[in-house]
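Please read the structure below before turning to the comments.
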Amino acid sequence: MIDAPADLLHRVRAHGQDHLFTGWSALSAAARRAFVGQLAGVDFAELARLYARRGEPHTLLPDPSAIAPMPVEDAASFGPETVRLGEECLRRGEVAVLVVAGGQGSRLGFEQPKGMFPVGPVSGATLFRLHAEKVHALSRKYGVAVPLLVMTSAATTAETHAYFLAESFFDLPRSQVIFFEQGTMPALDAATGRLLLTAPGELNLSPNGHGGTLTALADTGLLADLKARGVKHVFYFQVDNPLVEIASPGFVGRHVEANSDASTKVVLKTRPDEKVGVLALIGGTCGIVEYSDLPGELADARDAGGELLHRAGSTAIHLFAVAFLERVTQGTDRLAFHLARKKVPYFDAETGTAVKPTTENALKFELFVFDALPLADRWLVVRVRREDEFAPLKNATGADSPEAVRAALSAAHARRLRAVGVEVADGVAVEIAPLFALTDAELRAKIPAGTRVTVPTFFE
Ligand code: UTP
């Protein structure tokens with residue numbers, strides 16, 4: 001006898017997922033409640049639809065003849081009027097900041113959420129600290145509490161909350177930091193379409209991809225709250241990039257001037273085979289072509305000046321209009337799931353054993369945030385210098401490793417110091433705390449020109 005709610009039982013059975021109740025009688029009352037909670041969050045009909053379409057070609061793959069280079073504006077060309085517009089927008093409290101930190105960081109192989117990784121080249125500050133201090137500095141500069149939204153997932157929520165608490169929210173008022181959690185998606189057995197279990201009474205769930213940010217923002221009611229508070233734009237970035245310039249007034253101002261739905265920062269792609277998505281016009285609308293989807297001839301193509309034709313490399317830094325976010329999280333414009341075939345260990349209900357597959361046995365489904373871009377009526381793509389704004393922490397060693405990221409931070413800060421007349425000896429690690437100086441003008445006001453830095457130094 002399975003004492004689960006009747007409507008849930010009916011849905012599970014109607015979708016041929018009876019195996020889920022294997023071992024039910026041996027579960028404690030608490031475990032049954034938890035499992036019913038998991039099952040209640042599952043959209044069985046949607047999973048059945050996704051499973052039925054598993055063999056269809058990758059419908060999101062664009063036809064190569066429809067892909068054209070994306071026109072790009074240079075951030076260095078923004079004039080004082082544009083900057084002023086952005087500053088006014090910030091001062092009126094129309095910008096919120098959103099960092100996505102729900103990923104599992106599997107390539108880095110760090111035990112804790114990636115935001116807790118120490119990257120400060122001198123201070124050892126963590127990614128979360130650097131981001132929070134930038135938001136603090138921005139709030140101080142514009143005299144307004146810029147909301148910091150932190151999106152976590154089931155994999156990162158508990159530790160992230162505990163970490164912010166232990167660090168006293170990095171001195172931000174508690175009410176300025178808003179946590180929310182992205183949704184999960186069950187993994188399916190690729191051969192049968194059955195939901196996989198990790199143990200009796202426990203679904204195999206994964207975060208639903210960074211695109212889950214947008215649906216979670218809307219579904220939790222946060223988007224409506226932000227709008228009610230007068231927020232008109234959401235600055236989105238990934239937790240792994242400590243060089244991110246959060247909501248710089250030039251970028252905000254140009255986004256507002258262009259009445260853009262979705263604005264994106266790009267860096268020049270360096271090599272045809274660099275593993276970075278490129279912004280492109282796809283059938284006349286804005287889109288990102290993932291590196292694995294960009295046909296070789298397009299990846300290699302050069303313009304008359306000898307530069308890569310498709311060189312607008314994505315940084316995953318976006319500024320979205322709230323009105324646009326409302327539209328892409330409702331009705332038919334909602335984002336579509338991408339399917340990935342993965343090796344997923346599971347509990348075999350029939351044999352009662354744990355199975356560690358050696359080949360891809362499962363289907364996983366993820367939403368990608370950049371699938372929102374083609375839905376924009378007006379967009380803006382802004383080129384920034386990679387060495388100034390983009391150094392993502394992805395891998396344990398080599399490119400995008402902790403060493404590479406710390407070196408990039410130190411080099412960027414050394415350039416800022418030299419630009420205001422400070423002498424920094426070659427190879428000496430330097431770091432500028434966001435609350436010390438967010439902009440070069442602030443830096444100039446604090447450090448006399450001619451200052452010499454010959455030992456590792458943290459300006460705080
Ligand atoms: P990545 O795709 O690089 O994933 O995420 P990751 O978790 O950092 O690392 P790998 O791939 O497992 O090694 C880019 C950004 O999107 C967030 C991550 O936290 C990171 O900021 N993300 C990713 C989410 O918030 N949720 C997800 O479901 C996936």
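Note that ligands are numbered from 1 as they come in the structure, with each ligand's atoms numbered from 1 the same way.
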What pair of heavy atoms forms the shortest contact from L138 to A247, and how long is it? CD2-CB, 3.9 Å
Give me the ring orientation class for F21 and F35: parallel if the planes are under 30° apart, tilted from 30 to 60°, perpendicular past 60°. perpendicular
Establish, for the pair K265 and F251, whether the NZ or CZ atom is under 6.0 angstrom from the six-membered ring centre and no further than 45 degrees off its axis. yes
Of the protein's non-hydrogen atoms, which lies at the shortest distance from atom 16 (O) of ligand 1, and what is that distance? H210 CD2, 3.7 Å
Whether S153 lies under 4.0 Å from ligand 1, heavy atom: no
When distances are taken from atom 20 (C) of ligand 1, the protein heavy atom at minimum range is V100 O, 4.0 Å
Heavy-atom proximity to atom 6 (P) of ligand 1 ranks first, among S106, A154, P207, G105, for G105
Output yes when R49 and E46 qualify as a salt bridge under the 4.0 Å nitrogen-oxygen rule, no when they do not. no
Pairing donors with acceptors under 3.5 angstrom, does anything connect the side chains of T160 and T157? no
Would you call the rings of F110 and F117 parallel, tilted or perpendicular if under 30° counts as parallel and over 60° as perpendicular? perpendicular
Taking 4.0 angstrom as the limit and counting only heavy atoms of Q104, give me the atoms of ligand 1 inside it, by number and element. 7 (O)
Shortest protein heavy-atom distance from atom 18 (C) of ligand 1, along with the residue and atom involved: G103 N, 3.5 Å
H338 vs F368 aromatic rings, parallel, tilted or perpendicular, using cut-offs 30° and 60°? parallel
Nearest protein heavy atom to atom 25 (O) of ligand 1, by residue and atom, and its distance? G102 N, 2.8 Å
Do NZ/NE/NH1/NH2 and the carboxylate oxygens of D388 and R415 come within less than 4.0 Å? yes
Near Q238 (heavy-atom distance under 4.0 Å), the atoms of ligand 1 are 14 (C), 15 (C), 16 (O), 21 (O)
With a 4.0 Å cut-off on N to O distance, would you call E94 and K232 a salt bridge? yes
I'd like to check which ligand 1 atoms, numbered from 1 as shown, lie under 4.0 Å from a non-hydrogen atom of M151. 25 (O)
Against heavy atoms of V239, which atoms of ligand 1 measure under 4.0 Å? 21 (O)
Do me a favour and list the nearest non-hydrogen protein atom to atom 26 (N) of ligand 1 with residue, atom name and distance? Q182 OE1, 2.7 Å
Among protein heavy atoms, which sits nearest to atom 8 (O) of ligand 1, and what does the distance come to when rounded to 0.1 Å? K114 NZ, 2.9 Å
Which option, E366, M185, R107, owns the non-hydrogen atom nearest atom 11 (O) of ligand 1? R107
Answer yes or no: does an N/O atom from K394 fall short of 3.5 Å to an N/O atom of ligand 1? yes
